[in-house]
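Written out below as structure tokens is the structure these notes cover.
Ligands are counted one by one from 1 in listed order, and the atoms in each one are counted from 1 as well. Because the structure is a prediction, the values reported are computed rather than measured. Count residues from 1 along the sequence.
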Amino acid sequence: MAKYYIFITGGVVSSLGKGITTASLGAILEARNLKVTLMKLDPYINVDPGTMSPIQHGEVFVTEDGAETDLDLGHYERFLNSKMSRYNNLTTGKIYSDVLRNERNGFYLGATIQVIPHITNEIKKCIIRAGKGFDILLVEIGGTVGDIESLPFLESIRQMAIEIGKRKILYIHLTLVPYLYPSKEIKTKPTQHSVKELLSIGIQPDILICRSDRLVPKYERSKIALFCNVPEKAVFSLEDIDSIYRIPIFLNKQGLDNYICHRFCIKCPKADLSMWETVMHQKKNTIGTVIIGIIGKYTEFPDAYRSLIAALEHAGLKNRLIIDIKLINSQSLEFSDISTLKNLDAIIVPGGFGYRGIEGKIIAAKFSREKNIPYFGICLGMQIAIIEFARNVIGLMEANSTEFIKNCKYPVIAKISEWNYRKKSIFNTYKISTKMRLGNQKCYLKLGSLAYQIYNKSIILERHRHRYEVNNLFLNKIEKSGLIVSGWSHNKYKLVEIIEYPKHPWFIGSQFHPEFNSNPRDSHPLFISFIKAAHNYQNKKNF
Ligand code: GLN
């Protein structure tokens, strides 16, 4: 159980940046020497977002312990030092599936299972478990107040104030305060209505954070305070600002953390936000811009690549470079010319699933390899590099992944159980698990390789999310043709984790997702090196 709980709800509209605000507040409290963790409650009925389309939900963030979670957990890890786990994300689907399993096992001793108390008890149990060992647990409730789906979550957090004590609980409501251009007025009414809605379920917010495109002036803040029954000094303004990494500084300047610590009667040092000042300084003092192409299929939805975009930006901070990201639809490369690739300083093929757009990604990998443009293949992007290499360097034109063509002639990428499907007697195939490889796994780096130089150590831990692997039966041929394996897994199959092409200035593929391990304090070494290579390539090109 945490010592204190802060619940953050959202009002008026969605997409106000509740996740980033929650993460920023967590960062400020952590900077006051408090042990802080964060949790996201998602009202949808999927058990986790692992099966959801990135178009609907954005990226799936993978935790160290292998949970497929909401992308807000990515924000949490980028802002905080503490790592998230499967206990930090809860969905309605997960709650119901646990309660129903208990019910089938006779756990409730004949009781009629109801939303109150069985579902709400399960929610409270999970919240308490997530806060164990921490000073403060911040809980973000997904969706907008007024949604039917989030009612059990709101009811649970209402009950917690009675059970744990009002002094240990704070409710923050993040709400929209719009500016109407025709009348040149800031409107407080939507916020009043949203607070009314919260009150109708028994929650009186203690703090209001007003999201607006401009600073909400004192007059409007007092009006909101009066109508919403909160002290004036508990109404904060959060305008749209140039960088999300400035939000901790911005909220601290207004005294949000002081108000919270005072309210909880916590004695702790003032927030040391020098780290965020450094980030802002690095952001302002740049020496140039590099253009990075992400060749994917969800190019209209940057949230599908949220951690990747963030990792590139972090590496930009370390190299003092602005990162100009071009999201290029891989399918467009299949039908039109590839001139869009020519302006890029480096190419990334990110993770992905399914056949659509694959051939365009292979075209991009070929282009990078042949033109010496830095290439970074992540998960699917590494598999693409192998397929391209097998086809165009080794000459296995029908090389493919069994994910795309089940019975392809040269399955250079396949599930372990499929590697040897023609000689079933050698491998006891049916015993081999083909479950998704998820979460942190150890990887051994080859001495003297580029990967080894970049990491500067021989054993690394990185997060995975994939089913298919490089087929070891083709490794001999691949390595003989010049592509080397510079990272190996620890398990009994000795799986390929990193490939590189020594003839090329910077060509790396990783079976894991390094983007999940990057934050603005410690940018990931692979991304730092990749951005440096992009800058070198640009300098050479312009020479
Ligand atoms: N679809 C591929 C696999 O399952 C790659 C997954 C990914 O890029 N995350 O192996």
Is any side-chain N of the basic residue among [X] and [Y] closer than 4.0 Å to the acidic one's carboxylate O?
| X | Y | answer |
| --- | --- | --- |
| R391 | E398 | no |
| E77 | R463 | yes |
| R437 | E497 | yes |

Write out the residue and atom name of the closest protein heavy atom to [atom], then the distance separating them to 0.1 Å.
| atom | result |
| --- | --- |
| atom 7 (C) of ligand 1 | C379 SG, 3.0 Å |
| atom 9 (N) of ligand 1 | R465 O, 2.8 Å |
| atom 10 (O) of ligand 1 | Y468 N, 2.8 Å |
| atom 2 (C) of ligand 1 | E403 OE1, 3.3 Å |

N or O contact, [X] vs ligand 1, cut-off under 3.5 Å:
| X | result |
| --- | --- |
| H466 | no |
| G352 | yes |
| F353 | no |

Atoms of ligand 1, numbered as shown, that sit under 4.0 Å from any heavy atom of G351:
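In order of number, 8 (O).
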
List ligand 1 atoms under 4.0 Å from H513, heavy atoms only on the residue side.
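Answer, ordered by atom number: 9 (N).
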
Can you tell which of T22, D70, T69 makes a side-chain hydrogen bond (donor to acceptor under 3.5 Å, both in side chains) with K40?
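Of T22, D70, T69, side-chain hydrogen bond (donor to acceptor under 3.5 Å, both in side chains) with K40 is met by D70 alone.
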
H513, H524, K442 screened by side-chain hydrogen bond (donor to acceptor under 3.5 Å, both in side chains) with E462, the one that passes:
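That would be H524.
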
Between T37 and N88, is there a side-chain donor-acceptor contact under 3.5 Å, judged purely by atom types and distance?
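Present: a donor and an acceptor within the cut-off.
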
Where the closest heavy atom to atom 4 (O) of ligand 1 is concerned, which of E469, K415, Q511, R467 has it?
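Ranked by closest heavy atom to atom 4 (O) of ligand 1, first place is R467.
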
Part of M436 within contact of ligand 1 (heavy atoms, under 4.0 Å):
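No part of M436 is near ligand 1 at this cut-off.
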
With sequence neighbours left out, write down each residue that passes side-chain contact (heavy atoms from CB on, under 4.5 Å) with A365, or none if nothing qualifies.
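Listed in chain order: Y375, I384, E388.
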
Option passing ring pair (Phe, Tyr, Trp, His ring centres under 6.0 Å) with F376 (candidates F527, F507, Y501)
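For F376, the ring pair (Phe, Tyr, Trp, His ring centres under 6.0 Å) check succeeds only for F527.
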
